[in-house]
Amino acid sequence: MSRFVVVSGFVAAGVLGAAGGAAAAETPQTPGGATATIGGLKTYGDAVIHEDGGDEQVSAGLFEMSVEGGGTLQTYCVDIHNPTQRDAQYHETSWSGTSLASNKDAGKIRWILQNSYPQVNDLAALAAKAGAGGLTEQDAAAGTQVAIWRYSDGADVDAVNPRAEKLADYLEKAARGLAEPSASLTLDPPAVSGRPGTRIGPVTVHTDAGSVTVGAPTGAVGSGVRIVDRNGKAVTSAADGSKLYFDVPKDAADGTADLTLEASTTVPVGRAFTSESRSQTQILAGSSESTVSATASATWAAKGAVPALSARKDCAKGGVDITAVNQGDVEFTFELMGTTYSTPAGTSRTVTIPLQEDQPYDFSIDGPDGLAERFTGVLDCKTQSSEGTENISTLSEPSPASVGGTSGGTDLAETGGSATTPLIAGVAIGLVLVGGAALVLVRKKETGVQD
């Protein structure tokens with residue numbers, strides 16, 4: 001069998017890299033979609049949050065994001081008490097990886113998005129429905145954000161402008177539950193494994209794009225690995241429902257390869273966006289034609305355990321799910337937090353690593369034949385920051401501070417933040433907070449066992 005052992009403690013990124021024979025490739029806990037950088041509030045008005053400690057005035061409205069590879073997104077906040085960090089990078093994600101996972105009213109938020117500004121840009125008609133008399137873009141954005149906060153955060157919040165408040169009340173009362181929108185582009189599963197001389201997969205494409213470009217496999221230079229369909233025909237493009245395989249020659253040395261797909265599409269309204277820099281969660285209100293991508297990996301070996309490893313945030317369980325699929329001929333065994341888990345040959349197993357809210361994590365799994373996966377991120381599953389809600393910012397734009405932090409000055413959010421709210425970015429990406437959940441998994445070879 002192949003055995004893995006857990007080491008807990010404060011772990012620097014450099015130690016992780018040295019854990020095995022190969023450097024661990026960082027694996028995102030997002031299945032694919034759009035990646036974008038937030039630029040700040042662009043269309044907004046004022047709102048007041050009523051709390052036991054008093055009233056706080058905040059700016060409320062539409063954010064704008066620039067998509068990596070081309071495109072623009074408009075979003076609202078669903079995380080009122082956490083800060084928005086300027087220039088933070090966001091990734092499209094499912095509701096299960098956010099506070100929306102346990103929110104019974106998440107579907108009503110999507111209804112609000114589809115039935116208000118900017119999806120409804122006839123402001124006269126929108127005002128008539130709301131009995132608001134008349135609406136500017138600023139009123140419409142503020143009223144929409146306030147209605148969303150009432151469902152996303154359970155906040156006692158009102159728009160300052162009476163017209164915006166009328167819209168918020170109308171949207172809150174009219175909202176009906178809708179299903180979560182599908183991803184713009186995702187691959188399922190994100191990792192596969194098998195034997196050389198076979199077609200490893202399938203990896204199924206899920207997308208709302210008309211056509212997706214299939215890139216050449218990377219990480220297996222000179223191995224002869226190709227991306228093919230179920231009949232073994234090489235493919236360079238795919239569509240929703242396409243099934244792709246890694247065609248690995250029989251004489252290929254044990255190894256790994258990655259597959260990346262890319263498309264241009266409008267991201268579905270209601271998709272969630274999260275950041276690993278502890279910047280408040282956003283939800284999509286509008287999208288231009290934007291670049292989206294997704295990556296899957298394959299591992300193969302002639303004998304022994306052949307694990308395919310993937311991870312995703314699971315806010316319903318308060319942790320990160322690690323999934324190991326073993327297509328080898330021996331058991332794949334690993335130990336987590338004092339417990340040993342086994343994945344028999346030809347089966348899969350998912351283990352949830354519990355984490356505290358707002359806790360950064362950075363751990364690696366160093367597997368057989370050069371397999372090395374590194375999983376990093378921050379668990380952000382609640383709308384209530386662990387730092388509390390003092391000093392909610394009223395800034396209309398983020399401070400000049402970047403995600404990397406700054407010396408001096410403030411680093412506050414437009415719609416919720418605290419002068420004491422830590423970003424936990426540059427240093428935290430290399431350090432893991434403990435608490436029994438920060439892990440490094442390192443392979444141990446056993447005598448006479450093929451790793």
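Predicted model only: the values in this text are computed from it and were never measured.
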With a 4.5 Å cut-off on side-chain heavy atoms, are Leu259 and Leu244 touching?
yes

Are Glu172 and Lys108 within salt-bridge range, i.e. N to O under 4.0 Å?
no

When you measure from the side chain of Thr281 to the backbone of Asp79, do you find a donor-acceptor pair of N or O atoms at a distance under 3.5 Å?
no

Donor-acceptor pair between Thr299 and Thr256 side chains, under 3.5 angstrom
no

Checking side-chain contact (heavy atoms from CB on, under 4.5 Å) between Leu126 and each of Leu167, Asp139, Thr144, Asn121, which is the one that passes?
Leu167

Determine whether a donor-acceptor pair (N or O, by modelled atom type, separation under 3.5 Å) exists between the side chain of Glu165 and the backbone of Ala159.
yes

Can you spot which of Ile322, Thr343, Thr323 makes a side-chain contact (heavy atoms from CB on, under 4.5 Å) with Arg349?
Thr343

Return yes if a side-chain donor-acceptor contact under 3.5 Å exists between Glu68 and His91, otherwise no.
no

Using side-chain heavy atoms (C-beta onward) and a distance below 4.5 Å, is Tyr151 in contact with Ile112?
yes

Sub-3.5 Å donor-acceptor pair from the side chain of Arg176 to the main-chain atoms of Trp111, do we have one?
no

Answer yes or no: is there a donor N or O on one side and an acceptor on the other, between the side chain of Asp362 and the main chain of Thr376, under 3.5 Å?
no

Under a 4.0 Å N-O cut-off, is there an ion pair linking Glu357 with Lys382?
no

Is a side-chain donor or acceptor of Ser287 paired with a backbone partner of Val267 at a separation under 3.5 angstrom?
yes

Using modelled atom types and a 3.5 Å cut-off, is there a donor and acceptor pairing between side-chain atoms of Gln119 and backbone atoms of Ala285?
yes

Decide yes or no on side-chain hydrogen bond (donor to acceptor under 3.5 Å, both in side chains) for Asp258 and Thr295, but give the supporting numbers first.
CA-CA 7 Å; Asp258 293 325; Thr295 300; over 6 Å; no

Between Ser184 and Glu92, do the side chains contain an N or O donor and an N or O acceptor separated by less than 3.5 Å?
yes

We want to know whether Ser279 and Ser277 form a side-chain donor-acceptor pair, criterion being a heavy-atom distance below 3.5 angstrom.
no

Using a strict 4.0 Å threshold on nitrogen-to-oxygen distance, state whether Lys313 and Glu276 make a salt bridge.
yes

Show the numbers, then the answer: is there a salt bridge (charged side-chain N to carboxylate O under 4.0 Å, His left out) between Arg150 and Asp158?
CA-CA 9 Å; Arg150 292 173 181 173; Asp158 298 313; 3.2 Å; yes

Side chains of Thr207 and Asp240: donor-acceptor distance under 3.5 Å anywhere?
no

Side-chain heavy atoms of Lys129 within contact of Tyr170, under 4.5 Å:
yes

Between Thr265 and Asp208, is there a side-chain donor-acceptor contact under 3.5 Å, judged purely by atom types and distance?
yes

